[in-house]
Amino acid sequence: MKLIHCADLHLDSPLETNLPPPRVRERRGELLSAFAQLVELADRGGVSAILIAGDLFDGTRTTRRTEQYVLNLITEHPNVFFFYLAGNHDSGHHLAEGGSRPENLLTFGSDWSTYDFGEVLISGSERPDPDRLSLPADRLNIVLLHGQSREGGAARENVIPFGKYKNRNIDYLALGHLHAYREAALDERGVACYSGCLEGRGFDECGPKGYVLLEIENGKILHQFVPFAKRQLHEIGCDVTGCASQLELEKRVDEAVRELPACDLVRVVLTGSRPAELLTNLPRVERMLSDRFYFAKLADSTRLLIRPEDYSHSVSLKGEFVRRVMASELPEQKKEQIIACGFRALSGEELDL
Ligand SMILES: [Mn+2]
């Protein structure tokens with residue numbers, strides 16, 4: 001038997017990448033399509049159930065239309081069961097309570113609910129009390145929970161006291177809430193996994209995203225993370241120390257992103273130091289990246305290389321300017337910014353303050 005564990009889809013999420021509006025609409029569409037494709041893949045691949053460990057929706061931002069779309073997806077795939085545990089962003093969405101709920105949609109309440117699903121028992125609770133969880137030792141047990149795991153402490157809202165779930169006959173703890181894949185041994189018997197989200201939404205969600213495929217064979221649950229995202233987000237550091245011209249800097253950036261697919265979202269952070277005299281056109285570098293990737297952003301974290309001794313005797317406007325700024329009480333970083341700005345102004349460049 002095969003199962004899929006996913007979580008944190010945050011459908012209709014506002015998206016935190018500062019994407020331009022057409023891209024935002026497109027990415028929102030892609031988040032929903034990712035779920036639709038996962039359902040298709042599950043059905044075609046003979047997956048018996050999809051376990052959703054919370055935050056399928058994104059609070060009040062998720063529209064009724066999207067909720068209806070999800071409901072239709074579930075209804076139209078009667079071969080796949082959906083075990084849906086609501087997370088902290090799912091409030092207000094009940095996926096058709098009462099009479100119109102599809103038969104293949106199974107949910108969890110505040111108390112523990114356990115479903116006997118062939119080779120496994122699937123349990124979960126939206127307000128879990130670990131002390132009230134009792135699972136038979138002679139069955140394979142999967143438990144769904146949503147929240148931040150902590151080693152010690154008591155159960156609080158959105159907090160899973162990891163230690164309290166040890167030695168309770170759990171074979172696989174399907175977690176949601178953290179947006180990156182993570183796994184850890186629970187005890188001698190079980191393993192705990194965060195599936196992460198299906199698609200990254202912002203540059204705080206870089207790296208591969210996907211779901212966990214569970215295969216139940218010979219009384220064991222095997223698990224494997226499967227990358228699934230249509231687009232990945234990357235944050236790439238690019239050390240520009242030693243670049244003596246705009247062209248060299250562009251080459252350096254180009255090398256840093258060479259291996260990345262064009263369909264991805266990329267944030268390049270320039271690091272290292274660059275000479276104060278080097279006149280750069282960073283908007284041009286950002287445009288170059290934007291032409292190449294689905295979305296790109298450039299951030300400048302370089303330090304300006306200023307050697308005050310180069311200017312200590314120079315009888316020029318530049319020399320006087322550097323000496324004054326260096327002698328001021330300003331913090332070092334401010335001094336660098338002012339000198340960089342001043343150099344641009346002195347060379348007749350337009351200032352982008
Ligand atoms: Mn959450």
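Counting convention: from 1, in listed order, for ligands and their atoms alike.
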ask   = For Arg182, does the CZ atom have more than 12 heavy-atom neighbours from other residues, nucleotides or ligands under 6.0 Å away?
value = no

query = Is the Lys NZ or Arg CZ of Arg23 less than 6.0 Å from the centre of Tyr294's six-membered ring, within 45° of the axis?
reply = yes

query = Got a sec, which residues hit side-chain hydrogen bond (donor to acceptor under 3.5 Å, both in side chains) with Thr66, two or more places apart in sequence or on another chain?
reply = Asp12, Thr63

message = Taking atom CZ as the centre, does Arg324 end up with more than 12 heavy-atom neighbours from other residues, nucleotides or ligands that are less than 6.0 angstrom away?
response = no

key: Residue pairs, two or more places apart or on separate chains, that pass ring pair (Phe, Tyr, Trp, His ring centres under 6.0 Å) and touch residues 100-133   = Phe81-Phe117, Phe83-Tyr115, Phe83-Phe117, Phe108-Tyr115

task = Can you sort out the partners of Gln37 under side-chain hydrogen bond (donor to acceptor under 3.5 Å, both in side chains), two or more places apart, ordered by chain and number?
result = none

note = With a cut-off of 2.8 Å, strictly less than, protein N/O/S atoms near the Mn ion (ligand 1) add up to 4

